[in-house]
Protein chains: 2
Amino acid sequence: MTSAPVTPPAKPNGRRRSSGVDRRSELIQIAGQLFADKGFLATTIRDVADAAGIQSGSLYHHFTSKESMVEELLGDYWTKLLDGYRAVVSAELEATESARGLIRASVRLLDECRLALGVMLNDWNYLSETFPFMEESLRECQSIWLGVLERGIESGEFDASMDPVITYRTIMAAVSGTARWFSPSGKVSVDELADDMAAMFLDGMRARP
Amino acid sequence: MTSAPVTPPAKPNGRRRSSGVDRRSELIQIAGQLFADKGFLATTIRDVADAAGIQSGSLYHHFTSKESMVEELLGDYWTKLLDGYRAVVSAELEATESARGLIRASVRLLDECRLALGVMLNDWNYLSETFPFMEESLRECQSIWLGVLERGIESGEFDASMDPVITYRTIMAAVSGTARWFSPSGKVSVDELADDMAAMFLDGMRARP
DNA sequence: TACCCTACCAAATGGTTGCTTGGTTTCACC
DNA sequence: GGTGAAACCAAGCAACCATTTGGTAGGGTA
């Protein structure tokens, strides 16, 4: 039962199965799904290989290591997030609208990069130690957010008694934690979610008089 | 470098070192610290044993498995959280004050059970599959929150256009995600943090006119 | 036909894992 | 000074891990 002569369940011996499309990114998606579901460390490369219908050793034709499988997924997320953030602040809107834009940019990636977010949610500590660019990206993320929040306080748009760092961290925790349950195919769309969250952080859940 | 003859750093061969205090809960704290830092799966029982200054096999005198080391930590958290929640709702306050109470009860555990929260933050998927009581507790947690939020909408205290489920999940994600950075010995106290968060979710960060 | 190149297989590698076993030390209590 | 229990050590187990290696199938190109 433990090590029966495992015959690959799908496409037993067919080569050249990816007709044109990049096999590498196909494998990253398969691996990312498992990493997001079970956690990076709890997923073995045998799990990935089984899901892809190939032998575990064959993965090393495409990737140099297990880490490199997840690295692209994460790098892609942070590139997109920070690109979106930079576009928001370069528009030089009022602080309120900048904040709304940052929340929208973050929430949009819940759909576009849900695997990457799922992986980071499970194994942040391990991954941030393994890939230094994660901490660096997070630093830029924080500095952009703090810029917007402090500008809003100065302009009188935001409550002066609010702590920018706590607020920033609370928003980030709320948005990325949402990756745990949000599904873009559910009854709530990405845009609705983004608007709900922006409304919540800007004006709270209390009814206006 | 990898496996040098590791001499236990503290109390090399001393037995009966825990004078009176429960050695078992002492070991749970040591293990919990490592689980919270490195992740449950990434931490080996040899890591735990080294930190405790004993041999890895000796841990099995106190625990039946690696899982049982973390089980008590998690069970303690959920018991305390739900006890706190039940006390809040049984006071039958206005919905606004109930919500504030739930936030306070959650934030208070950031100090009291920070190891448990840190562990869950890293390995939620794995742990909730391993320990069914985690999903059960979360269900009760959600039902209490939804009760308060829906009551507030009916009474007119809360914005009727708010989605209770999204709001609940957002608050929970924000609070538990805070375990990643919060330190009770820092410049922000638990009570200040609880008040800041409650203010944020109730009235938002926008300045009042 | 000859030759690459990509994608893969099959088998094995050294190292690490959680856990077990059998014996030893220490100490309170009688 | 003998007994029993708690705490621990030293050694080792089978299973599993990521990774390496040498070889092979088959389409594309010359």
Side-chain angles (χ1 to χ4, degrees), chain A residues 1-28 30-31 34-35 38-71 123 126-127 130, chain B residues 1-28 30-31 34-35 38-71 123 126-127 130:
Chain A
M1 189 67 79
T2 45
S3 63
V6 184
T7 42
K11 310 187 179 181
N13 208 15
R15 309 278 156 75
R16 195 56 51 100
R17 77 193 50 162
S18 59
S19 55
V21 292
D22 190 6
R23 181 73 165 139
R24 184 183 167 86
S25 50
E26 196 178 343
L27 290 171
I28 288 182
I30 292 171
L34 287 166
F35 294 159
K38 309 178 37 171
F40 178 72
L41 292 156
T43 304
T44 69
I45 58 153
R46 264 167 267 257
D47 292 335
V48 178
D50 286 352
I54 59 177
Q55 290 287 106
S56 66
S58 305
L59 286 171
Y60 289 83
H61 171 71
H62 302 275
F63 304 97
T64 62
S65 68
K66 188 185 173 188
E67 263 81 20
S68 73
M69 292 184 205
V70 84
E71 192 167 9
D123 299 282
Y126 174 83
L127 294 170
T130 308
Chain B
M1 189 68 79
T2 46
S3 63
V6 184
T7 42
K11 314 187 178 181
N13 207 18
R15 307 280 156 76
R16 193 58 46 102
R17 78 192 51 161
S18 59
S19 54
V21 291
D22 190 6
R23 179 73 166 140
R24 183 184 168 84
S25 50
E26 196 179 343
L27 290 171
I28 288 182
I30 292 171
L34 287 166
F35 294 158
K38 309 177 37 170
F40 178 72
L41 293 156
T43 305
T44 70
I45 58 154
R46 268 167 258 259
D47 291 335
V48 177
D50 285 353
I54 59 177
Q55 291 286 107
S56 67
S58 305
L59 286 171
Y60 289 84
H61 172 70
H62 302 275
F63 305 97
T64 63
S65 67
K66 188 186 173 188
E67 264 81 20
S68 73
M69 293 185 205
V70 83
E71 191 168 10
D123 299 282
Y126 175 82
L127 296 168
T130 308

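The sequence lines fix the lettering, A, B, ..., with proteins before strands; numbering per chain opens at 1.
Remark: P of dA15(D) and CD1 of I45(B) are 17 Å apart, rounded to the nearest angstrom. As a whole-Å value, the separation of I30(B) CD1 from dA7(D) P is 14 Å. Between the P atom of dC17(D) and the CG atom of D47(A) lies a distance of 7 Å, rounded to the nearest Å. Distance L59(A) CG to dA10(C) P: 15 Å, rounded to the nearest Å. Nucleotide dC16(D) holds its P atom 16 Å from the CG atom of L41(B), rounded to whole Å. Put simply, CG on D50(B) is 11 Å from P on dC9(D), counting in whole angstrom units. One interatomic measurement links the two molecules: CZ of F63(A) to C1' of dT6(C), which rounds to 14 Å at whole-angstrom precision.
With F63(B) as the fixed residue, the side chain to side chain contact (heavy atoms under 4.5 Å, CB included) test singles out one of V70(B), I45(B), V48(B), I28(B): I28(B).
Under 4.0 angstrom from either OP1 or OP2 of dA7(D) there lies at least one side-chain N or O belonging to H61(B). In this structure, R23(A) reaches the dC8(C) phosphate: one of its side-chain N or O atoms is under 4.0 Å from OP1 or OP2. Regarding contacts with the backbone of dC9(D), a side-chain N or O of S58(B) is found under 4.0 angstrom from either OP1 or OP2.
One finds the CG atom of L59(B) at 11.5 Å from the OG1 atom of T64(B) (value rounded to the nearest 0.5 Å). With rounding to the nearest 0.5 angstrom, the CZ atom of R23(B) is 6.0 Å from the CD1 atom of I30(B). Atom NE2 of H62(B) and atom CD of E26(B) lie 9.5 Å apart (nearest 0.5 Å).
Here S68(A) pairs with nothing under the side-chain hydrogen bond (donor to acceptor under 3.5 Å, both in side chains) rule; sequence neighbours left out. Partners of Y126(A) according to the ring-ring contact (aromatic ring centres under 6.0 Å, His included) rule, which considers only residues two or more places apart in sequence or in another chain, are F40(A). Residues satisfying the salt bridge (charged side-chain N to carboxylate O under 4.0 Å, His left out) criterion with K66(B), sequence neighbours excluded, are absent altogether. For T44(A), the side-chain hydrogen bond (donor to acceptor under 3.5 Å, both in side chains) partners are D47(A), not counting sequence neighbours.
Contacts between residues 64-71 of chain B and DNA chain D, counted as heavy-atom distances below 4.0 Å, involve no residue at all.
Between E67(B) and T130(B), the closest side-chain pair of non-hydrogen atoms falls below 4.5 Å.
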Kindly give the atom pairs (protein nitrogen or oxygen, nucleotide nitrogen or oxygen) under 3.5 Å for nucleotides 11-13 of chain D.
none

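Listed candidates were dG18(C), dC8(C), dT20(D). Nearest to the side chain of Y60(A) is dT20(D). For H62(A), counting side-chain heavy atoms from C-beta on, the closest listed nucleotide (dG18(C), dA18(D), dA7(C)) is dA7(C).
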